[in-house]
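Taking it in order: structure first as structure tokens, then the write-up.
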Amino acid sequence: MSEAPIVVAITGASGAPYAVRLLESLVHARRPVQLIVSSHGLRLLDTELGIASVDALAKHVGKGWDRFVATFDDADRGAAPASGSALNAGMVICPCSMGTLSAIAHGSSRSLVERAADVMLKERRPLLLVPRETPLSAIHLENMLRVTRAGAVVMPAAPGFYHRPRSIDDLVNFVVARVLDHLGVEQELVSRWGGDTTR
Ligand SMILES: Cc1cc2nc3c(=O)[nH]c(=O)nc-3n(C[C@H](O)[C@H](O)[C@H](O)COP(=O)(O)O)c2cc1C
């Protein structure tokens, strides 16, 4: 494992299937992952997919987990991702709750997820946030602008339909493919748009 790890956080917004597909894809690409799951992230994994623990998540992702995924407790603000001196290739929070987005926008760092994101911004490393909420309040929009100005990339979980998706899997893949593109990880989840061939 010579490559620097990618920090992945799962927080309590709807969209657990995105998180699972992202982990499967990173493990498949043999990229080391440092995983943090907030308590509401785990609640959403359970509600949406019946995954009630990090062990169950490991079983779900399957082959490659033991080799490529290291997990960290969200309450442990002294773990490796909490320090700028620990090298990594950036961080993605998928899905990202509006609560976590707000905490990042204001630099509160009251959990490992929040602190690791704060470190990404101060170290000028990639930070991708995949929020899901609707409708958006003025506070949500201001927080998104604030984190974007600080260097984060906000990628709402908003799948496109121009690929003519036929299943939920197709919609999930669309969002995760865009995340992987931004992380610079090879993906074959979605074929690339080459112009409208139906005309
Ligand atoms: C079933 C369920 C669905 C939720 N969906 C969303 C959502 O789509 N977006 C969001 O921002 N918060 C959502 N929330 C609220 C967050 O989970 C809540 O604000 C939580 O405190 C976020 O904490 P975290 O960011 O540490 O995970 C949901 C909560 C539950 C229980």
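Counting convention: from 1, in listed order, for ligands and their atoms alike.
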TODO: List the steps, then state whether side-chain hydrogen bond (donor to acceptor under 3.5 Å, both in side chains) holds for Ser25 with Gln187.
DONE: CA-CA 8 Å; Ser25 303; Gln187 61 84 17; over 6 Å; no
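- Of the heavy atoms in Ser97, both backbone and side-chain atoms come closer than 4.0 Å to ligand 1.
- The closest approach between Ala13 and ligand 1 falls below 4.0 Å for a heavy atom of the residue.
- Annotation: Lys122, atom NZ; neighbour count of heavy atoms from other residues, nucleotides and ligands within 6.0 Å is above 12.
- Here the side chains of Leu22 and Val130 are not in contact, with every heavy-atom distance at 4.5 Å or above.
- Taking all heavy atoms of Ile93, Leu44, Thr47 into account, the minimum distance to atom 2 (C) of ligand 1 is reached by Leu44.
- For the residue pair His140 and Leu101, the shortest heavy atom distance occurs at O-CD2, 4.4 Å.
- Atom 17 (O) of ligand 1 is approached by the protein to below 4.0 angstrom, counting heavy atoms only.
- Looking at ligand 1, you'll find an N or O of Met98 within less than 3.5 Å of one of its N or O atoms.
- For atom 10 (C) of ligand 1, the nearest non-hydrogen atom of the protein is Glu133 OE2, 3.5 Å.
- The protein heavy atom nearest to atom 5 (N) of ligand 1 is Ser14 N, 3.6 Å.
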Open item on the list: Working note: Met91 + Gln34, criterion side chain to side chain contact (heavy atoms under 4.5 Å, CB included); need CA distance, chi angles, decisive distance, verdict.
Closed with: CA-CA 9 Å; Met91 177 175 187; Gln34 294 184 333; over 6 Å; no
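- Put simply, the side chain of Arg164 never gets that close to the backbone of Phe161: no donor and acceptor are under 3.5 Å apart.
- Of the protein's non-hydrogen atoms, Gly12 O, 3.6 Å is the one closest to atom 15 (C) of ligand 1.
- Considering backbone and side-chain N/O of Arg132, one or more are found under 3.5 Å from N/O of ligand 1.
- Tyr18 and Phe174 have their aromatic ring centers separated by at least 6.0 angstrom.
- In terms of protein heavy atoms, atom 31 (C) of ligand 1 is closest to Arg43 NE, 3.5 Å.
- Counting only heavy atoms of the protein, atom 27 (O) of ligand 1 lies nearest to Ser38 OG, 2.6 Å.
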